[in-house]
Amino acid sequence: MNLFSSPIMKNLEMALDGSALKQKTISNNLANVDTPGYKAKETVFKQEFKKSLNAYRTNQHHFTFSTDKSPSIFVKEQNGTTMNHNGNNVDVDKEMTELAKNQLYYQTLVQRINGKFNTIKMVVKGGR
């Protein structure tokens with residue numbers, strides 16, 4: 001068994017990738033807050049990630065779960081609103097809120113991965 005390719009580690013890795021892309025998207029939005037005609041972008045990840053989480057049948061009488069689809073992480077443009085007179089729709093307050101939420105989410109994921117590695121380290125050291 002490979003310790004680093006467990007379903008939990010794969011899901012944590014996917015979540016970190018999604019969070020990193022969201023950070024980049026928010027940064028790009030904030031960098032272009034004064035660019036005429038720029039349309040804010042958003043990362044679509046959590047909904048897709050939740051759909052992809054695997055569940056395992058432990059009994060043949062349990063429901064089956066679909067595990068054939070891997071989650072997709074993508075960036076889409078927000079065309080619904082215009083905030084400024086120059087056609088730009090970046091809302092700085094919304095972006096800063098999303099940035100703070102994403103930072104907390106990322107830190108939580110890193111702490112969870114550190115916990116998994118600490119568990120492995122403790123096992124390798126024989127419980128010491």
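Any value given below was found using the heavy atoms of this structure, including those in side chains, with hydrogens, waters and symmetry copies removed.
- Residue pairs meeting the side chain to side chain donor-acceptor pair (under 3.5 Å) criterion with at least one partner in residues 15-27, sequence neighbours excluded, are Ser19-Asn102, Lys22-Glu98, Gln23-Asn102, Thr25-Thr43.
- Every side-chain contact (heavy atoms from CB on, under 4.5 Å) that Asn89 has, sequence neighbours left out, goes to Lys39, Ala40, Gln78, Thr81, Met83.
- The side-chain heavy atoms of Asn29 and Asp91, taken from C-beta on, include no pair separated by under 4.5 Å.
- Met122 belongs to no multi-residue hydrophobic cluster, having no ILVMFWY side-chain contact under 4.5 Å with any other such residue.
- Using a 4.5 Å cut-off between side-chain heavy atoms of Ile, Leu, Val, Met, Phe, Trp and Tyr, with links allowed through other members, Val124 and Met9 fall into the same hydrophobic cluster.
- Through direct or indirect side-chain contacts shorter than 4.5 Å among Ile, Leu, Val, Met, Phe, Trp and Tyr, Tyr38 is connected to Ile26, Leu30, Val33, Val90, Val92, Met96, Leu99.
- Taking Ile8 as the reference, Ser6, Leu12, Lys116 meet the side-chain contact (heavy atoms from CB on, under 4.5 Å) condition, with sequence neighbours excluded.
- Identified under the salt bridge (Lys or Arg N to Asp or Glu O under 4.0 Å) test for residues 74-85, with sequence neighbours left out: Lys41-Glu77, Glu42-Lys76.
- The nearest pair of heavy atoms linking Thr108 to Leu104 is OG1-O, 2.8 Å.
- For the pair Leu21 and Val75, the minimum side-chain heavy-atom distance is below 4.5 Å.
- Atom CG of Asp34 is surrounded by 12 or fewer heavy atoms from other residues, nucleotides or ligands within 6.0 Å.
- Going from atom CG of Asn28 over to atom CD of Glu95 covers 10.0 Å, rounded to the nearest 0.5 Å.
- By the criterion of side-chain heavy atoms lying less than 4.5 angstrom apart, applied directly or through intervening Ile, Leu, Val, Met, Phe, Trp or Tyr residues, Leu109 is grouped together with Ile120 in one hydrophobic cluster.
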